[in-house]
Amino acid sequence: VPNRSRPIDMEAADSALRRVFRFDAFRPGQREIVQAILAGDDVFALMPTGAGKSLLYQLPAVSGVAPVVVVSPLISLMRDQIAALRARGVAAGALNSGNEPGDNAATLAMIENRKIRLLYVAPERLALDDTIDMLARMKPRLLAVDEAHCVSRWGHDFRPDYARIGEIAQRFGAPQTIAVTATAAPRTRADIESLLFARKPRLFVHSFRRPNISIAVNRRGHTLSDVAGVIRRHRGESGIVYCGSRAATDQLARALSLNGVPALPYHAGLDAATRSANQDEFLSQRDSVIVATIAFGMGIDKKDVRFVCHADLPHSIEAYYQEIGRAGRDGNPAEATAFVSRHAWTGHAAPDIDSATDTRADEARAISEFARGFDCRWRTVLAWLGEESAPCGACDNCRRRLLWLRGPQAILRRTREA
Ligand code: ADP
Ligand code: MG
Ligand code: ZN
């Protein structure tokens, strides 16, 4: 098999974890996966947001499995990771169109003199013949595909260039491959496996439970005062309000601000400067609220987001999971509150959907059933992601059931114990 050499000892990784990354210990699931990489296996890792998926390819890179080529969908994600790696003394660089020409030249020099350990490449860039020739000469030891759900048409962030990564990798030696994602319902998972991997990968599935996030879904559309109420309940804290369209985003952000509840808009229709200013403000402040479309959030690493409020629901449970998952990354309690108009969920169930859009229809049906349903919210979400679970005991439906079964005392007791 090309581009593979002897397995590397786990000791190198254990010591680099402390020495280079300055982490005391692995997080759950990380060690086994790093071990599999060092042993030369192809890996497909499904782990929730915040689990620490970047370490799964960064640690091997500094432990001797280098160079690693990392494909990542967003320039901002690459930039953050490279800055953090360089701060730790790791030779990392990116090739993408958003770079200053000087940056690309410096990266190319690191490649030429074989110093580079991690090379980040945007998927569009990967597809270019020049890049492929360069990678064929560079002979990467590992190909890491981050946010791998972008490979699948069924995923909510589909990127056509991602779907071709597997085929392109053949042209530069089909190196050992790791794909990581926080979302992969069974159908998406199968798609990623067949498109990305030349051999069957070892699958690592970490539980998608996020017990610190409590879910509530209101079976009616939102009003301005509903959303303001959620924000006020979290005075002094940060949160994200998701809207279904750019217009709704602008309108709601403006209305909130006019009513004394400051909130910044974020969507793809804003100019780049405003977008990055609003994102920076959100990331740097402890009490910032952003009103956004789905354009906001992928890869946002802000630990103290205390609430995610859906003024409109997204079109699938996977997207919903991804969005609420941006809350509570520090492990402290966080709240996911959604408002769903009757109109929205009857609209989803419309019967005149043609068979070409079957999957979309299934997804829409599932999320509308989730919104209308009386089963545990978390159990419903996790079931869609392929995971069985017991009722969470903390969502609106679980609390309602407890109230029916045992009266208000049961809820009080539970709250006190928690
Ligand atoms: P994911 O991609 O799974 O959402 P990231 O790779 O962005 O997660 O990691 C989330 C945060 O956790 C980062 O700030 C990272 O530095 C940190 N982290 C990762 N692994 C560890 C660890 N073993 N110990 C402490 N912090 C960690
Ligand atoms: Mg990540
Ligand atoms: Zn529940």
Side-chain angles (χ1 to χ4, degrees), residues 13-14 16-34 45-62 70-74 76-85 87-88 90 118 120 144-150 157 178-184 204 206-217 283 297-305 321-322 324-331 335-336 370 373-383 389-403 405 411 414 418:
D14 282 327
L17 181 73
R18 290 177 190 81
R19 209 169 25 80
V20 180
F21 291 91
R22 307 201 175 284
F23 295 149
D24 300 328
F26 283 105
R27 292 226 179 114
Q30 287 179 328
R31 193 169 193 277
E32 299 85 297
I33 294 172
V34 170
L46 308 155
M47 293 168 103
T49 303
K53 291 184 289 297
S54 343
L55 190 80
L56 304 176
Y57 51 82
Q58 292 176 347
L59 187 58
V62 301
V70 184
V71 184
S72 172
L74 294 178
S76 62
L77 286 180
M78 296 186 202
R79 215 173 265 151
D80 292 350
Q81 289 202 21
I82 290 168
L85 286 164
R88 288 163 166 148
V90 180
L118 293 115
Y120 287 75
V145 182
D146 206 340
E147 310 285 353
H149 56 277
C150 297
D157 289 315
I178 175 172
V180 304
T181 174
T183 28
F204 292 86
H206 194 284
S207 172
F208 283 84
R209 287 182 54 222
R210 297 287 303 279
N212 60 319
I213 302 174
S214 61
I215 302 177
V217 180
L283 291 177
M298 182 159 51
I300 292 287
D301 184 15
K302 182 172 168 68
K303 305 225 173 355
D304 59 355
V305 175
Y321 174 80
Q322 189 84 299
I324 65 170
R326 290 172 188 136
R329 291 179 69 161
D330 54 9
E335 192 186 306
F370 161 78
F374 290 94
D375 194 5
C376 169
R377 303 290 183 190
W378 265 118
R379 186 151 74 173
T380 310
V381 170
L382 292 171
S389 63
C392 75
C395 69
D396 56 342
N397 282 345
C398 280
R399 293 171 70 89
R400 200 170 288 125
R401 176 161 306 120
L402 275 174
L403 189 64
L405 292 176
I411 289 198
R414 253 202 114 85

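Any value given below was found using the heavy atoms of this structure, including those in side chains, with hydrogens, waters and symmetry copies removed. Start at 1 and go down the list; that is how both ligands and their atoms are numbered.
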Q.
Closer than 4.0 Å to some heavy atom of Phe26 - which atoms of ligand 1 meet that?
A. 23 (N)
**Q.** N/O donor-acceptor pair under 3.5 Å between Arg399 side chain and Ala394 backbone
**A.** no
Q.
Just to verify, what does Tyr321 make a side-chain hydrogen bond (donor to acceptor under 3.5 Å, both in side chains) with, not counting sequence neighbours?
A. none
Q.
Can you report which non-hydrogen protein atom sits closest to atom 10 (C) of ligand 1, along with the distance?
A. Arg329 NH2, 3.9 Å
Q. Quick one: nearest non-hydrogen protein atom to atom 4 (O) of ligand 1, plus distance?
A. Gly50 N, 2.7 Å
Q) Okay, side chain of Arg377, backbone of Phe370: is any donor-acceptor separation there less than 3.5 Å? A) yes
Q) Should the pair Asp304-Arg329 be classified as a salt bridge under the 4.0 Å nitrogen-to-oxygen rule? A) no
Q: Provide, to 0.1 Å, the distance between atom 22 (C) of ligand 1 and the closest protein heavy atom, together with that atom's residue and name.
A: Phe23 CD1, 3.4 Å
Q. Are Asn397 and Arg379 side-chain neighbours, meaning at least one heavy-atom pair lies under 4.5 Å?
A. no
Q) How close does the nearest protein non-hydrogen atom get to atom 5 (P) of ligand 1, and which residue and atom is it? A) Ser54 OG, 3.5 Å
Q: Look at atom 1 (P) of ligand 1 and find which of Gln58, Gln81, Arg22, Lys53 reaches it with the closest heavy atom.
A: Lys53
Q) Has Pro48 got any heavy atom lying under 4.0 angstrom from an atom of ligand 1? A) yes
Q | the Zn ion (ligand 3): protein N, O or S atoms that are less than 2.8 Å away, sorted by chain | A | Cys376 SG, Cys392 SG, Cys395 SG, Cys398 SG
Q) Under 3.5 Å, is there a donor-acceptor pair between the side chain of Gln30 and the main chain of Gly52? A) yes
Q.
Less than 4.5 Å apart, side chain to side chain, heavy atoms only: is that true for Leu382 and Arg209?
A. yes
Q: Tell me which protein heavy atom sits closest to atom 8 (O) of ligand 1, plus the residue, atom name and distance to 0.1 Å.
A: Gly52 N, 3.2 Å
Q.
I'd like to know if the side chain of Lys303 reaches the main chain of Gly328, judged simply by a donor and an acceptor atom lying under 3.5 Å from each other, with no hydrogens or angles considered.
A. no
(Q) On a heavy-atom basis, which atom in Trp378 and which in Phe208 lie closest, and how many Å separate them? (A) CZ3-O, 4.2 Å
Q. So which protein heavy atom does atom 26 (N) of ligand 1 come closest to, and at what separation?
A. Arg27 NH2, 3.2 Å
Q | side-chain hydrogen bond (donor to acceptor under 3.5 Å, both in side chains) partners for Arg210, two or more places apart | A | none
Q.
Under the rule for salt bridge (charged side-chain N to carboxylate O under 4.0 Å, His left out), what residues qualify as partners of Arg401, not counting sequence neighbours?
A. none
Q. What are the atoms of ligand 1, with element, lying closer than 4.0 Å to any heavy atom of Ala25?
A. 22 (C), 23 (N), 24 (N)
**Q.** Nearest protein heavy atom with distance in Å, relative to atom 20 (N) of ligand 1
**A.** Gln30 NE2, 3.0 Å
(Q) Give me the nearest non-hydrogen protein atom to atom 13 (C) of ligand 1 as residue plus atom name, then the distance to 0.1 Å. (A) Asp301 OD2, 3.7 Å
Q | Contact check, side chains of Gln58 and Leu85, non-hydrogen atoms, under 4.5 Å | A | yes
